[in-house]
Asker: 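Got a structure here, written out as structure tokens. Questions coming.
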Number of protein chains: 2
Amino acid sequence: MADTAHLTPLVHPPRDEMTVEAVLRALADPVRLEIVRQLAAADTEVACGVLEVPVTKSTVTHHLGILRQAGVVAGRQEGTTRYNSLRRNDLDALFPGLLDGVLAARH
Amino acid sequence: MADTAHLTPLVHPPRDEMTVEAVLRALADPVRLEIVRQLAAADTEVACGVLEVPVTKSTVTHHLGILRQAGVVAGRQEGTTRYNSLRRNDLDALFPGLLDGVLAARH
DNA sequence: CGACAATTTCGACGGACGTCGTACAATGAG
DNA sequence: CTCATTGTACGACGTCCGTCGAAATTGTCG
């Protein structure tokens, strides 16, 4: 059986516990913003290792944790790989236009 | 005559120099977010002293500087008072929906 | 079983950031 | 002129945050 007692239980805040402050703080880092852009471009689940950002994997894990706790991304564990996806529906429902506005910016 | 040589020249980035990263970083602080909310609610120019935030005036000055350098607010000097206003047009043009999405959040 | 691959966790370090108090400049009123 | 008002500039302090490397866990494949 899978012994995952040592792993963070993959906490995802429900929609009504998401705050705009946490979301903004999550998006306010260049690396995390790039992660969000790649997730938005992929339009599907993406494994951590596929993300192309100029930091170490442990740092990616850290950033994904912040994005997940803010409710920006959802994570699904499968074997040794963890698949991440954008919580577009929840974000659009709570802060309509926010994500689209961010993604519309030139870069 | 007005001797304003010692004052920061009230730099406002033109629309094409505004970045979504700077805007997000500016909005990612609770005090600054509250300032933006009050400016949006007022829908007119607001003097620094009128803003109701739980920090010192010098801190308010600091936050307004960050908001201004990010292109979120515009400042106009008149006598000893400085009037601040939201740069709604520029924000909506560059990041359509962003500001509205932020302001739509419950708080 | 043993080696390897995919990620996380932990501890540590350095820099960035929010906050304040004080001093200072400019304006307007008495 | 004098003084109160409005706001900025500067320096300092403590804390949060992004970053890394090394170690550990889990699953997969010979």
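All chains are named by letter (A, B, ...) in the order of the sequence lines, taking the proteins before the strands, and each is independently numbered beginning at 1. Values below: all heavy atoms of this structure, side chains included; hydrogens, waters and symmetry mates excluded.
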Asker: Does B:H62 reach a base, just sugar-phosphate, or nothing at all? Heavy atoms under 4.0 Å.
Answerer: base
Asker: Output yes when at least one side-chain N/O atom of A:R25 is less than 4.0 Å from OP1 or OP2 of D:dC16, else no.
Answerer: no
Asker: Taking all heavy atoms of B:L24 and all of A:L24, pick out the closest pair and write down the distance.
Answerer: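 Looks like CD2-CD2, 3.8 Å.
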Asker: So, are B:R88 and B:D100 salt-bridged, with charged N and O less than 4.0 Å apart?
Answerer: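 Result for this pair is yes, salt bridge flagged.
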Asker: Below the 4.0 Å mark, does C:dT19 have OP1 or OP2 next to a side-chain nitrogen or oxygen of B:T59?
Answerer: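 The answer is no; no side-chain N or O of B:T59 sits under 4.0 Å from OP1 or OP2.
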Asker: Taking the nucleotide of DNA chain C with the nearest heavy atom to each, does A:S58 or A:T80 sit closer to the 5' end?
Answerer: A:T80
Asker: Do the side chains of A:V50 and A:V72 join up, straight or via other hydrophobic residues, at under 4.5 Å, putting them in one cluster?
Answerer: yes
Asker: Return the minimal non-hydrogen interatomic distance between A:A104 and B:P96, and the atom names on each side.
Answerer: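 Looks like CB-CD, 4.2 Å.
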Asker: Looking at B:E17 and B:R15, does any basic side-chain N land under 4.0 Å from a carboxylate oxygen?
Answerer: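 Salt bridge: no.
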Asker: Roughly, in whole Å, what's the span from CD in A:E78 to C1' in D:dT28?
Answerer: 13 Å
Asker: Rounded to whole Å, please give me the gap between NZ in B:K57 and P in D:dT5.
Answerer: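 Checked: the NZ to P distance equals 9 Å.
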Asker: Out of B:V53, B:L51, B:T59, B:V60, which residue meets the side chain to side chain contact (heavy atoms under 4.5 Å, CB included) rule with B:V31?
Answerer: B:V53
Asker: B:Q77 has an atom CD; how far is it from atom P of C:dT27, in whole Å?
Answerer: 9 Å
Asker: Can you see if the side chain of A:R82 gets near the phosphate of C:dT8 - specifically, an N or O under 4.0 Å from OP1 or OP2?
Answerer: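 Affirmative; the distance criterion is met.
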Asker: Is the distance from OP1 or OP2 of D:dG7 to the nearest side-chain N or O of B:T61 less than 4.0 Å?
Answerer: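 For B:T61, the contact criterion (side-chain N or O under 4.0 Å from OP1 or OP2 of D:dG7) is not met.
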Asker: Nearest-Å distance, CD (A:Q69) to P (C:dT8)?
Answerer: 13 Å
Asker: Could you state the NE2-P distance from A:H63 to C:dT9, rounded to the nearest angstrom?
Answerer: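 Interatomic distance, NE2 of A:H63 to P of C:dT9: 15 Å.
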Asker: In which stems does DNA chain D show up, taking only runs of three or more Watson-Crick or G-U wobble pairs whose two distances fall under 3.5 Å?
Answerer: C:1-30 with D:1-30
Asker: With a non-hydrogen cut-off below 4.0 angstrom, is A:V31 in contact with a base, only sugar-phosphate, or nothing?
Answerer: sugar-phosphate
Asker: When the distance from CG of A:L67 to C1' of C:dT8 is rounded to whole Å, what number comes out?
Answerer: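 These atoms are roughly 16 Å apart.
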Asker: To the nearest Å, how far apart are A:I35 CD1 and C:dT7 C1'?
Answerer: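 Rounded to whole Å, this separation is 14 Å.
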Asker: Could you tell me the separation between the CD1 atom of A:I66 and the P atom of C:dT8, rounded to a whole number of Å?
Answerer: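 For the pair A:I66 CD1 and C:dT8 P, the rounded distance is 13 Å.
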Asker: Using 4.0 Å as the upper bound for N to carboxylate O, is an ion pair formed by B:R32 and B:E34?
Answerer: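 Looking at B:R32 together with B:E34, the answer is no, because their closest N to O distance does not fall below 4.0 Å.
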Asker: Want to settle it: does A:G79 or A:R32 sit nearer the 5' end of DNA chain D, counting the closest nucleotide to each?
Answerer: A:R32
